[in-house]
Structures are given as C-alpha cells and as structure tokens.
Protein chains: 2
Amino acid sequence: MNESDRKILRRAGKRITPQRVLILKVIRESGGHLDADEIYRLAKQKAPRLSLSTVYRTINVLKEAGVIEELHLGEEHHHYELRGEKGHHHLICQDCGKVVEFECPFSEQLMRDLGEKYGFEIAAIHLDLVGHCAECRREERK
Amino acid sequence: MNESDRKILRRAGKRITPQRVLILKVIRESGGHLDADEIYRLAKQKAPRLSLSTVYRTINVLKEAGVIEELHLGEEHHHYELRGEKGHHHLICQDCGKVVEFECPFSEQLMRDLGEKYGFEIAAIHLDLVGHCAECRREERK
DNA sequence: GCGCAATTGCGAATTATTCGCAATTGCGGA
DNA sequence: TCCGCAATTGCGAATAATTCGCAATTGCGC
C-alpha cells in the first residue's frame, strides 16, 4: 500500500491493518477483475487466518473510499478493479466471459454534458459492451 | 403480450403460458426497472398462486429471448426493463437510488467501432453514470 | 506504553436465485 | 376435437453471495 492509499484511508477515518494492506496488494498485483472469492483465496495464501468476512468488509471500505470500483460482468457476483486507471471500460464475451478493456473518448464529455443537463454530480461512468468474441463465434459456426 | 412477443417466444421453442403473458404485461406496464420481487408482488395480485420461481424462470426466458434486459443499478439484486426502447442508458443517484434515463448519441458508433476493432459481435451496450442528484446534494449541504 | 474504539475471525443469518420433483397444461398431430 | 407428452408450474428445499453479531484482538492518539 502506498502513501496515497494510506492517506485516503486515514482521511476516511479508517485504520491501516495488515489485512487491508494485503487485500489491496492482491487487487493491485492481479491487474484487474478479481471477485471476492479470488481475492480471498489469493490473500489467504499469505495470511491463512484471514476470513472471508474481512475480505468483504475491506472491499466495502475500499469501495467507499473510492480506491476500487465494483464491476458487473454478467455473472451473479461482483468483480473489483482499481479505480482511476485508464481504459476503464469493458467489452465482455457472453460465451466465454473474456473481458477486454478499452478507452472511451466520449466519457469525459458525457460526464460533463449529462451532469449539467440533469443536475447530477457524476462520480463514475460504467460503460460495458456485451457480445460474442471472435473465437466464440468461430466455435459457434463449427 | 402482442403478436411479436409470441413469435419471439415460439421461435425460441417456448410455450405461451398465462404466467408468461402476465409477467411480461407487468414489466411492460410498469414502464421500467422492476426487480424480481416487485414483479412477483404485482403479478401475484392477478394470479395469487404464482410462484417466485416462475417469475425467475420467466425472467430468464425473456432475457434469453432478448425481450428484456437485466440492469445493475448498484443494489444487490437485479432490475429488468424491456429491450430495444430508446433512452436505454441510466443516470443513477447513489444516495436516493433515483434513475434517470437518457439517450447516448455515441452508442451506435461505439458498437460498430469497438466491435470491428476487437472482433466482437456486440449484442448490447450498458452505459451507466453514477453520482449524486441535485436534491441529494442540496440535502447534503444542509 | 495505555486505553479504547475500530477491526478481525468465526459461525450463523440473510438475501437473491436456482433446483428437484410431482402435478398440471399448452399445443402439434391423429 | 381430443390425445399424448414434453414443457411448464408451484412448492419447498438447496445453493451462492454477502452481511451480521459478538467476543477477542489490535492500531494509534495521547
């Protein structure tokens, strides 16, 4: 966990615990899209007494603090990724679950325009395209 | 249920049952964003023996047939709306849960461009902006 | 270092959704 | 029109994802 993460948590009145440091590290090093159980399993390797509740509680803390973001990738549970990185949007294959990230040149514009139009202060934008990837379509045609 | 709904279901090899007709009617007449339990409660008024399982099963049938679409509005359960209508995107207030629909002038373009770029056949686009509506911000400042 | 509120681990509870099965029913064909 | 049977339903139990209650532990301001 870097200095800015610490500041963010402290500003939110949260303590820096080894569990939180570890969980954030796992999310950061995975490079994206883990779900709660994957985070739990990976983190448990380093801290065997870690509990799943703590993972969920930490996810909520990090979510509220704005450090990570919750994704809905079409499965019945959530996935999480670090916030504020480039290429935040997702192209999701409905057949194999593959996720491709992309950048949207319109995002910023949309946030401003729509925020203004409807009086909203926009905090985040979620843009997901679901469909069928090239491989799965090829598979399909066989 | 109109003629085209029937055709869609029959093409998918599904029977037209009173339960399915009713559930689709409830979704259609609500004008948008019901969750499974709301659909259940509304439909049960007309058909008291209706079961929640049937609601979920019908939702899945309608979803697979492409008649309705699943929304993730930030709560722990899903909401559903008719597909293929204009103004499909959502501005969601994180504080009060209000949902405002809007049209995105870039959607079509994005589907074509990104589909081509990554070899995906895009089936749907989900664009959600989450933030704080005017009323809730006013409330906040008090 | 001390004290205490925040946090943790545990297992039980809750919520959303699916499943198994026997009874019922839509609908294609005689 | 009515028959037969596979699809569908209702029910209650099962599963999956997430949260909660509580006693024990632990960061961190003083």
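In what follows, every chain begins at residue 1, and chains take the letters A, B, ... in the order their sequences are listed.
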field: Given D:dC11, D:dT8, C:dT17, the nucleotide with the shortest approach to the side chain of B:T17
entry: D:dT8
- prompt: Without hydrogens or angle criteria, can the side chains of A:S107 and A:H88 be said to hold a donor-acceptor pair below 3.5 Å?
  reply: no
message: I want to check something: taking the side chain as every heavy atom from C-beta on, are B:F120 and A:L129 in contact at a cut-off of under 4.5 Å?
response: no
message: Any base atoms under 4.0 Å from A:N60, or only sugar-phosphate, or nothing? Heavy atoms, all strands.
response: sugar-phosphate
- prompt: Phosphate oxygens OP1/OP2 of D:dG10: is one of them under 4.0 Å from a side-chain N or O of B:T54?
  reply: yes
- prompt: Base, sugar-phosphate alone, or nothing: which one does B:R20 contact when heavy atoms must sit under 4.0 Å apart?
  reply: sugar-phosphate
field: Shortest side-chain distance from A:S53, nucleotide among D:dT18, C:dC21, C:dC10
entry: C:dC10
query: Going by heavy atoms in the side chains, are B:K63 and B:N60 under 4.5 Å from each other?
result: yes
message: Quick check: on DNA chain C, is the nucleotide nearest B:I16 upstream (toward 5') of the one nearest A:T58, or the reverse? Name the residue that is more 5'.
response: A:T58
Among C:dG28, C:dA6, D:dT8, the one nearest A:R15 by side-chain distance: C:dA6
- request: Among C:dT8, C:dT17, D:dG10, find the nucleotide with the atom closest to the side chain of A:Q19.
  value: C:dT8
statement: note: B:H78, atom NE2; D:dA17, atom P; distance rounded to Å ~ 12 Å
- request: Assign A:R49 to base, sugar-phosphate, or nothing according to its heavy-atom contacts below 4.0 angstrom with the strands shown.
  value: sugar-phosphate
Whether B:H78 and B:H72 hold their rings parallel, tilted or perpendicular, with breakpoints at 30° and 60°: perpendicular
- prompt: In whole angstrom, what separates B:Y40's OH from C:dT15's C1'?
  reply: 15 Å
field: Nearest-Å distance for atom pair CZ/P, residues B:R10 and D:dA6
entry: 16 Å
- request: Once you apply the 3.5 Å cut-off to both distances, tell me the Watson-Crick or G-U wobble partner of C:dA22, or none.
  value: D:dT9
query: Closest nucleotide of DNA chain C for B:H77 versus for A:R57: which of these residues is on the 5' side?
result: A:R57
- prompt: The side chain of B:A36 lies closest to which of these nucleotides: D:dT19, C:dT17, C:dT7?
  reply: C:dT17
message: Between B:H79 and B:E38, is there a side-chain donor-acceptor contact under 3.5 Å, judged purely by atom types and distance?
response: no
- prompt: Rounded to the Å, how far apart are A:I39 CD1 and D:dA17 P?
  reply: 14 Å
message: Using whole Å, what does the distance between atom P of nucleotide C:dT8 and atom CD1 of A:I59 come to?
response: 13 Å
Sugar-phosphate only, base, or nothing, as touched by A:P18 at under 4.0 Å among non-hydrogen atoms: sugar-phosphate
message: Side chain of B:Y56, heavy atoms from C-beta onward: which of C:dC27, C:dT8, C:dT17 has the nearest atom to it?
response: C:dT17
- request: Verify the distance criterion only: is there a donor paired with an acceptor across the side chains of B:D95 and B:H132 at less than 3.5 Å?
  value: yes
message: Can you measure A:R41 atom CZ to D:dA17 atom P for me and round it to whole angstrom units?
response: 11 Å
- request: Between B:L50 and B:E76, just flag the one whose closest nucleotide in DNA chain D comes earlier from the 5' side.
  value: B:L50
Length of the CZ-C1' vector between A:R6 and D:dG27, whole Å: 12 Å
message: How many whole angstroms separate atom CG of B:D37 from atom P of C:dT14?
response: 17 Å
